[in-house]
Amino acid sequence: MNDLEKAKESIIEDFALFDEWLDKYEYIIGLGKNLEMFPVELKTDDRLIKGCQSRVWLDTKVEDGRLYFRADSDAIITKGIISLLISVYNGRTAKEIASDDFAWIETLGLKENLSPTRAGGLASMISTIRREAEANV
Amino acid sequence: MKIQELRSRFPQLKESVYGKPLVYLDNAATSMRLDAVVDKWEQMSLKFNSNLHRAVHAMASKATEEYESARLATADFLNCSEKEIVFTSGATDSLNLLAFSLGESAFFEEGDEILICEGEHHSDIVPWQMLANHKSLLIKVLPINANGEIALSQLPELIGKRTKLCCVAHVSNVLGIINPVAEIARICHEKGCLLSVDGAQAVQHLKVDVRSLDCDFYSFSAHKMFAAPGVGVLYGKLGLLERLQPYQGGGEMIESVSWKGTSYAGVPHRFEAGTRNISSVPAIKPALAFLNDLFLDKEIIDYQENIIKYLLQELNSVPGLHLYGVPSDPSRKIPLFSFTVDGVHHEDLALVMDKMGIALRSGQMCAEPLMDRFGVSGMLRASFAPYNSMEEAEYFTASLKKAISMLK
Ligand SMILES: Cc1ncc(COP(=O)(O)O)c(C=O)c1O
């Protein structure tokens, strides 16, 4: 199993520890609270992810062909969800991300347990990350 | 009636979500359906299905009788004549019909004004904006104060010579305050202005008497009063409806059709083109009968008053919680509570509380200008119906506190 797959697996395992959705949410909220500080000056319109009900900013930096993400949101659960994504894809090569199928997110069952607007927001976050990767392959 | 007996009439209240009992507090969006409504709908679908008015056969006359008796029951409910009841597909449809028909009826001249309350639902804003664009009219705003009450003292001066129509909700879907419609109607009429009332949020909670309110038009949806979706009502004073041009053309709304020209049926049929919602309209009857009883039930009324008192007290004691819509007279509040909590996003709260089994509404609630008025991006709303119990209210406040502590 490569490193990317290991990162996914570890989140899926974490999620499986909780029987209750409320506890899974508590875990996501915890991730949101611990997300690295996002500089205010990066909260620009071009970093806003379209299609989310709460506002989400994503900043992408490319170094030696690897992508580094930072993000923020005014809603803590959104922040937690993007933190999940970042923890898996941060520091990966553009090629690795662009060729990933993002299917592990489905196995978490998040989509069914988010409001429809949030589920749409999650899809927008994923496509933004994928687009950033494709642009840098 | 005891609350448990009342609850037993709404089968969906027994559902659970995420393994927890459902606590449904989104009754302002749509209410649970009464068992007798479903029975009536089933009967109309399985026994009396037929188109209306058109044929001489037995089923057609049975279906027509059911449909027209629903009109009579609605007229009784509102204290008006059945000729003044137009069946639509919902409050939104009623308001669009009214806006369009007023626009077609030489009612407005270019430059005339429509005065709209700041607290309105988009359904009572956008149709008027469309009409204003179409007919070169001006929209003016009737402000509310910081408590969410209509600034009644400003009303007389806001109604100018060219203000032809004023649009106000009986109860706002965000603020939950019962607006003084009779007083507003009196002021409007003194100034020669008509009053259209959006009653979508009122009919679940209040005995509405359009005669004593003396409003000119009154719109609401059946699905917010325990009946079926896809049915709405537009009440209009007979003399006014008779002056209005129809909204849609088609079958049933005509008197005669020829290539030379067409004449329309009388009111209210002139406004009911095409095949109507023949299963769901009759299903409004059991809901109206049920509400008529409920409004007289002292035990339920007292029970609900206690819930309102309890919630106002509890919500006001939560640190950082801001409640919107706090009338100076607490008896003017329906059990609908919209609020924000400092440092917590309304969507986060709604999501976490959903996982606790509580259905709430979050966001702009179809009232963006009102969100702007209070400088917020959205709110969280708990809207109670008469079948919500004190135990549910207590579970709601305890869960709210728990969710806030999780999120902060
Ligand atoms: C105050 C108010 N007006 C109008 C409407 C529109 O009702 P409907 O969507 O049933 O047409 C609603 C429903 O949310 C409402 O709360």
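Every chain is numbered from 1 and lettered A, B, ... according to where its sequence line falls, protein lines coming before strand lines. Keep in mind it's a predicted model, so treat the numbers as computed, not measured.
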Check: After noting the C-alpha distance and the side-chain angles of A/I29 and B/V352, does the key distance pass the side-chain contact (heavy atoms from CB on, under 4.5 Å) rule?
Finding: CA-CA 10 Å; A/I29 291 163; B/V352 169; 3.8 Å; yes
Checklist line | Option that, when pairs with chain A are counted at under 4.5 Å, heavy atom only, ranks first among B/K408, B/H346, B/Q364 | finding: B/K408
Checklist line | Sidechain N-carboxylate O distance under 4.0 Å for B/K355, A/E26 | finding: no
Nearest-0.5 Å distance, [atom1] of residue [X] to [atom2] of residue [Y]:
X: A/D23; Y: B/M406; atom1: CG; atom2: CE; value: 8.0 Å
X: B/H345; Y: A/K79; atom1: NE2; atom2: NZ; value: 12.0 Å
X: B/L349; Y: A/I77; atom1: CG; atom2: CD1; value: 8.5 Å
X: A/Y25; Y: B/D354; atom1: OH; atom2: CG; value: 7.5 Å
X: B/L351; Y: A/L22; atom1: CG; atom2: CG; value: 11.0 Å

Does atom [atom1] of [X] have more than 12 heavy-atom neighbours from other groups under 6.0 Å away?
X: A/D45; atom1: CG; value: no
X: A/K95; atom1: NZ; value: no
X: A/D46; atom1: CG; value: yes
X: A/W57; atom1: CH2; value: yes
X: B/M130; atom1: CE; value: no

Next item on the list: Under 4.5 Å heavy-atom distance to chain B, tell me which part of A/K33 shows up: side chain, backbone, both or neither.
Entry: side chain
Next item on the list: Sort B/K402 into side chain, backbone, both or neither according to what part of it lies under 4.5 angstrom from a heavy atom of chain A.
Entry: side chain
